[in-house]
Protein chains: 2
Amino acid sequence: MKKWIINSADQPDEAMKAAAIRRQLELTKPPGALGRLEDIAVELSAMQGRLNPSAKNVQIAVFAGDHGVACEGVSAFPQVVTVEMVKNFIRGGAAISVMARELGAGLTVVNAGTVNEEPFGQPVVDRPIAAGTHNLVDESAMAESQCVQALDLGKDIIDGFPEDTEIVIGGEMGIANTTSATALGVAFGAGTASELVGPGTGLDHEGVELKRKVIERALSRFNNAHSVAQPLVILYELGGFEIAALVGYFIRAAQQRLAILVDGFIASAAALAACRINPSVRQWMIFAHSSPEPGHRLVLEALHASPLVSLGMRLGEGSGSAVAVTLLRSACALQNGMATFAEAGVSDALSDSISDS
Amino acid sequence: MKKWIINSADQPDEAMKAAAIRRQLELTKPPGALGRLEDIAVELSAMQGRLNPSAKNVQIAVFAGDHGVACEGVSAFPQVVTVEMVKNFIRGGAAISVMARELGAGLTVVNAGTVNEEPFGQPVVDRPIAAGTHNLVDESAMAESQCVQALDLGKDIIDGFPEDTEIVIGGEMGIANTTSATALGVAFGAGTASELVGPGTGLDHEGVELKRKVIERALSRFNNAHSVAQPLVILYELGGFEIAALVGYFIRAAQQRLAILVDGFIASAAALAACRINPSVRQWMIFAHSSPEPGHRLVLEALHASPLVSLGMRLGEGSGSAVAVTLLRSACALQNGMATFAEAGVSDALSDSISDS
């Protein structure tokens, strides 16, 4: 394994965290009355090493990749949709394109390995590792060397971001990638295939049953091949190019002291892989939302993560994270903009009653 | 009762709602994949009568009032805090002041009846009905005529908003007003005092017990006085000036076809009163968030309301609604800005598979 992948990320700044907690107690509100928004502002203070954290400068990368397992009929959509949606991302018509504009965020679209026959061309970052993975039911989804290539791709995207980047979001697009993410979740111990499997973009009951069987066949093959598997082996056996790229992206982001706003089921499966490969990454992650896909809840539990919102979103692309950025911005605005009791000149009776409580 | 209060609000535009639902199905995403954001955009389309709804022009009014029942020791804070916080609102240091700036929203601060001895002066709207309510344990919190005055005050605030207003938020400030809101919730059938009572801004266990007893004494007095009570009677017996003003504000907003983004426990208790007085108001309400105050969940259930987020906020002031505005804006941006399958020129295979599902 390349050395960079396992380099420990720094700890967020504990002294700054303590200072932010103190500031929250001084603001003109009952202690804790802003709930999760207080926690988020405090966490961002610790990550960014500043008492006035910011979620202004956001970079979004969406990684696209195709999956050999799509031929098993595990998706409600045909494989061509991966490529069509990449084109939609750059034309500006997809949900993540709209949200990037709304947020004033950078949007980088990366071809990590779709079945497109020729390069997409600018502005897509064309670095396909192959034209889709192998079918993970029959064989390893990718070679170890391909997985390392995908991890490096994710790293390179982070390294190309502007110096002033404050928040990074990783999105994905890949028909059949909930099958891969579910297999990864099971292999990383989040639960059984029956517990994690779900409709993805819209399978009916029979479709979900078929998908469960496909995932169990893949896991059976995998378990026969490996009595004990390292996290990287799980990733190349059952992952996808876009998922492995996200793993590298998350690990590098943490190493660069960047706050990561983790999206839905696929991104969370990649986050779980990243944390198993390099546990120091976990403390740089904030979890945006909980999707209705049953596997997401279990993968979040395996990560000891409490997502900010639960809006029934199940689109991927980084869209849930993009929506949650607005909550990070509110959290920052409140910590940075509210008056303290001292500044407000609020009566001694009030500040005394606060400091007693 | 003044006639305006019971005038029916219009229905939101059902034809526009159907058109918005159709548009959501044409956008480049699996049907329903944006979850609650789709519902919200569709609801706003119906309320605003346009396929491209907007949450840009937001008006926030915060009503402040004091409560006679504060003398029973039912709040973690002394009564002086109501007046101090009104000053903080207009100086810009409170949470709602910060959020109004962030959103570019109008903020109107209304003195509906605090114990302040003299007018606050501009920019506060000084229309105190009295220097706080009576103690609802011993007597009716206010006279019927005062309640009507407060309802009219709320109406006047709506009527003073700019023509282009799209979303209205009602916030409140009033030490001891969770006691009043809890009593209202019980009287409107949301549950028992034991079920609804909670710590408010930060009572300990003993404080909550005391508060429960105070509320039960008030309800016992009220029930002895009225075997059956009209909603308006419940409101003037157990409400507060800021709560009654919110009721008038909500009713008038619905009559003016304005989308109402309802805040936390107190605002939801006012929303419940508004819907009991004038049921046509309900369909103009979107519920922003769920607070940890136990009564809030039960009042929301009584309103058949599912709030958008649950962030542990328990501040009032309209702050939870203000934070949720960003989600409404995302919902609008997505419905208005995403490409349809036809616009995106996505392959027939894709749009066929969508229309089949």
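Not measured: the values here are computed from a predicted model. Quick note on labels: first sequence line is chain A, next is B, and so on, each numbered from 1.
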J.: In chain order, what residues pass the side-chain contact (heavy atoms from CB on, under 4.5 Å) check against B/Ala176, with sequence neighbours excluded?
T.: B/His67, B/Val69, B/Ala70, B/Val74

J.: Let's test your reading of the structure: which of A/Pro292, A/Ala94, A/Ala339 forms the most heavy-atom pairs below 4.5 Å with chain B?
T.: A/Ala339

J.: Evaluate B/Ser330 against A/Glu102 for side chain to side chain donor-acceptor pair (under 3.5 Å), listing each step before the verdict.
T.: CA-CA 8 Å; B/Ser330 295; A/Glu102 278 292 295; 5.9 Å; no

J.: At a heavy-atom distance under 4.5 Å, which candidate from A/Ala331, A/Gly35, A/Ser97 has the highest pair count against chain B?
T.: A/Gly35

J.: Among A/Thr201, A/Asp204, A/Val83, single out the residue with the greatest number of heavy-atom pairs under 4.5 Å to chain B.
T.: A/Thr201

J.: Considering only heavy atoms and a distance below 4.5 Å, find which of A/Gly92, A/Gly93, A/Ser291 pairs most often with chain B.
T.: A/Gly93

J.: Strictly below 4.0 Å, N to O, side chains only: are B/Glu301 and B/Arg297 in salt-bridge contact?
T.: yes

J.: Could you list which of residues 316-324 of chain A have a heavy atom closer than 4.5 Å to any heavy atom of chain B, in residue-number order?
T.: A/Val323

J.: Below 4.0 angstrom, N of the basic side chain to O of the carboxylate: do B/Glu84 and B/Arg91 qualify?
T.: no

J.: Please report the C-alpha distance between B/Gln335 and B/Asn52 in whole Å, then the side-chain angles of each, then the deciding distance to 0.1 Å, and finally whether the side chain to side chain donor-acceptor pair (under 3.5 Å) criterion is met.
T.: CA-CA 7 Å; B/Gln335 178 165 304; B/Asn52 58 340; over 6 Å; no

J.: Identify which of A/Val309, A/Leu334, A/Asn336, A/Leu103 forms the greatest number of heavy-atom pairs closer than 4.5 Å to chain B.
T.: A/Leu334

J.: Over all heavy atoms of both residues, which pair between B/Met85 and A/Thr28 is shortest? Give the atoms and the distance, please.
T.: CE-O, 3.7 Å

J.: Would you say the side-chain atoms of B/Thr114 and B/Asp66 include a donor-acceptor pair closer than 3.5 Å?
T.: no

J.: Among residues at least two apart in sequence or on other chains, which ones pass side-chain contact (heavy atoms from CB on, under 4.5 Å) with B/Ser290?
T.: B/Leu300, B/Pro307, B/Ser310

J.: My understanding is that only residues two or more places apart in sequence, or in another chain, count here; which of them pass side-chain contact (heavy atoms from CB on, under 4.5 Å) with A/Asp39?
T.: A/Arg36

J.: Among B/Leu34, B/Leu311, B/Thr326, which residue has the highest count of heavy-atom pairs closer than 4.5 Å to chain A?
T.: B/Leu311

